[in-house]
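What follows is a set of notes on a single structure, which appears directly below.
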Amino acid sequence: MKNNRFKIYPSILTADLAQLENQISTAQDNGIDGFHIDIMDGQFVPPITFGPIIVSHIRKITQLPIDIHMMVINPDRFFEDLIIAGADSITIHYESTKNFDETLDKLKDLNVECSIAINPETKLTDVQNYLNEINQILIMSVNPGYGGQKFIPSSIKKIKSTKSIINNSNLKTKIQVDGGINSNTIDSVLQAGADIVVAGSAIYNDDNDIKTSIKTLKDSISK
Ligand code: DX5
Ligand code: ZN
């Protein structure tokens with residue numbers, strides 16, 4: 001069932017990549033709203049994951065929004081390739097480059113939705129002046145790098161503070177929350193003001209099929 005209140009984006013980080021097409025189309029058929037692709041470079045975070053080539057294959061499988069989360073040092077190196085591959089939105093970490101303003105300006109010049117991510121230890125005050133020039137802020141509710149981590153409870157306060165700045169300034173900036181979203185945490189994250197929640201291991205896991213996992217997640221949201 002679709003709704004206009006919030007969106008759920010699966011992260012394919014824990015999906016069965018040997019069956020990528022099936023994993024994407026099954027999630028899509030069960031009412032999710034877009035796909036969150038975690039690009040890790042082995043430097044900003046220890047693991048290495050995907051790049052533009054995989055994104056271009058995902059673009060062939062789905063028409064839903066492709067939301068790129070770059071956990072990459074100096075991310076501007078890959079902006080154009082990601083957009084050519086089919087990215088609809090690109091998130092860069094505030095902590096990922098020394099020349100943040102320059103990097104953000106490069107992203108804003110391109111035909112893509114712009115988003116800034118902040119790690120749990122990064123203060124909202126460090127980025128709040130950018131809220132009026134971006135489409136989305138990504139509040140990390142775990143330290144980036146791995147799926148299946150535990151939600152950091154102090155993220156709720158950060159989401160609420162972000163929401164009040166956005167509302168008080170009449171901005172349209174969306175709040176995305178990523179990390180540890182499951183049937184125990186999703187409702188409080190949405191109540192706090194999240195517009196888009198990312199769910200990795202809550203959707204792609206070894207315990208339940210994708211359809212059941214999405215239903216469990218949605219059923220735990222208060223009406
Ligand atoms: C972590 C990634 C997340 C990850 C979330 O660095 O940014 O998108 O896939 O996984 P879960 O939902 O399992 O915490
Ligand atoms: Zn992510």
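Start at 1 and go down the list; that is how both ligands and their atoms are numbered.
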inquiry  = Quiz question: by atom type and distance under 3.5 Å, do the side chains of Asp219 and Thr216 form a donor-acceptor pair?
reply    = no

note = heavy-atom search around atom 13 (O) of ligand 1 in the protein gives Ser201 OG, 2.6 Å

query = Hey, is Tyr146 one of the residues with a heavy atom under 4.0 angstrom from ligand 1?
reply = yes

query = Near Gln19 CD, under 6.0 Å, is it more than 12 heavy atoms from other residues, nucleotides or ligands?
reply = yes

task = Please could you name the atoms of ligand 1 that Leu13 approaches to less than 4.0 Å, counting only its heavy atoms?
result = 4 (C), 9 (O)

message = Between Gln149 and Gly179 (side chain of the first, backbone of the second, donor and acceptor by atom type, cut-off under 3.5 Å), is there such a pair?
response = no

message = If I take atom CD1 from residue Ile186 and atom CG from residue Leu217, how far apart are they, to the nearest 0.5 angstrom?
response = 4.0 Å

task = Note the single closest protein heavy atom to atom 5 (C) of ligand 1, along with its residue, its atom name and the distance in Å.
result = Asp178 OD1, 3.5 Å

message = Tell me whether Asp88 contacts the main-chain N or O of Asp67 through its side chain, where contact means a donor paired with an acceptor under 3.5 Å.
response = no

key: Distance from atom 6 (O) of ligand 1 to nearest protein heavy atom, with residue and atom   = Gly145 N, 2.7 Å

inquiry  = Within a 6.0 Å radius of atom CG on Asn167, are there more than 12 heavy atoms belonging to other residues, nucleotides or ligands?
reply    = yes

inquiry  = Looking only at N, O or S atoms, which one in His36 sits nearest to the Zn ion (ligand 2)?
reply    = NE2

ask   = If you check every N/O/S atom of His69, which is the one nearest the Zn ion (ligand 2)?
value = ND1

ask   = Once the angle between the rings of Tyr130 and Phe100 is folded into 0 to 90°, is it parallel (under 30°), tilted (30 to 60°) or perpendicular (over 60°)?
value = perpendicular

ask   = What is the closest protein heavy atom to atom 2 (C) of ligand 1, and at what distance does it sit?
value = Asp38 OD1, 3.4 Å

task = Identify, for atom 11 (P) of ligand 1, the protein heavy atom at the shortest distance, and state residue, atom and that distance.
result = Gly148 N, 3.6 Å

query = Which of the atoms of ligand 1 are close to His36, meaning less than 4.0 Å from one of its heavy atoms?
reply = 8 (O)

request  = Mind checking whether Ser11 contacts ligand 1 via backbone (N, CA, C, O), side chain (CB onward), both or neither, at a 4.0 Å heavy-atom cut-off?
outcome  = side chain

message = For the CE atom of Met140 and the OG1 atom of Thr122, what is their distance to the nearest 0.5 Å?
response = 10.5 Å

message = Show the atoms of ligand 1 that are less than 4.0 angstrom away from any heavy atom in His69.
response = 7 (O)

message = Check this for me - ligand 1, Ile181, N or O atoms closer than 3.5 angstrom, yes or no?
response = no

note = Atom name of the N, O or S atom of Asp178 nearest to the Zn ion (ligand 2) is OD2

message = Please evaluate residues Thr103 and Phe79 with respect to the criterion side-chain contact (heavy atoms from CB on, under 4.5 Å), reporting the C-alpha separation (whole Å), side-chain torsions for both, the decisive distance (0.1 Å), and the verdict.
response = CA-CA 10 Å; Thr103 307; Phe79 289 165; 3.9 Å; yes

ask   = Which residue holds the protein heavy atom closest to atom 10 (O) of ligand 1, what is that atom called, and what is the gap in Å?
value = Gly147 CA, 3.5 Å

request  = Identify, by atom number and element, the atoms of ligand 1 in contact range of Met71, meaning under 4.0 Å from any of its heavy atoms.
outcome  = 6 (O), 7 (O)

task = Check for a donor-acceptor pair, side chain of Ser201 on one end and backbone N or O of Gly147 on the other, with a separation under 3.5 Å.
result = no

ask   = Which residue from Gly180, Gly200, Ala202, Pro144 reaches closest to atom 12 (O) of ligand 1 through any of its heavy atoms?
value = Gly200

ask   = When you look at Val189 and Ile156, which way does the side-chain contact (heavy atoms from CB on, under 4.5 Å) test go after all the steps?
value = CA-CA 6 Å; Val189 166; Ile156 294 291; 4.1 Å; yes

query = Which atom, counting only N, O or S, brings Asp38 closest to the Zn ion (ligand 2)?
reply = OD1

ask   = Does Met40, backbone or side chain, put an N or O under 3.5 Å from an N or O of ligand 1?
value = no

request  = Run the numbers for me: atoms of ligand 1, each under 4.0 Å from some heavy atom of Gly179, listed by number.
outcome  = 14 (O)

Any donor-acceptor pair under 3.5 Å from Ser141 side chain to Asp178 backbone = yes

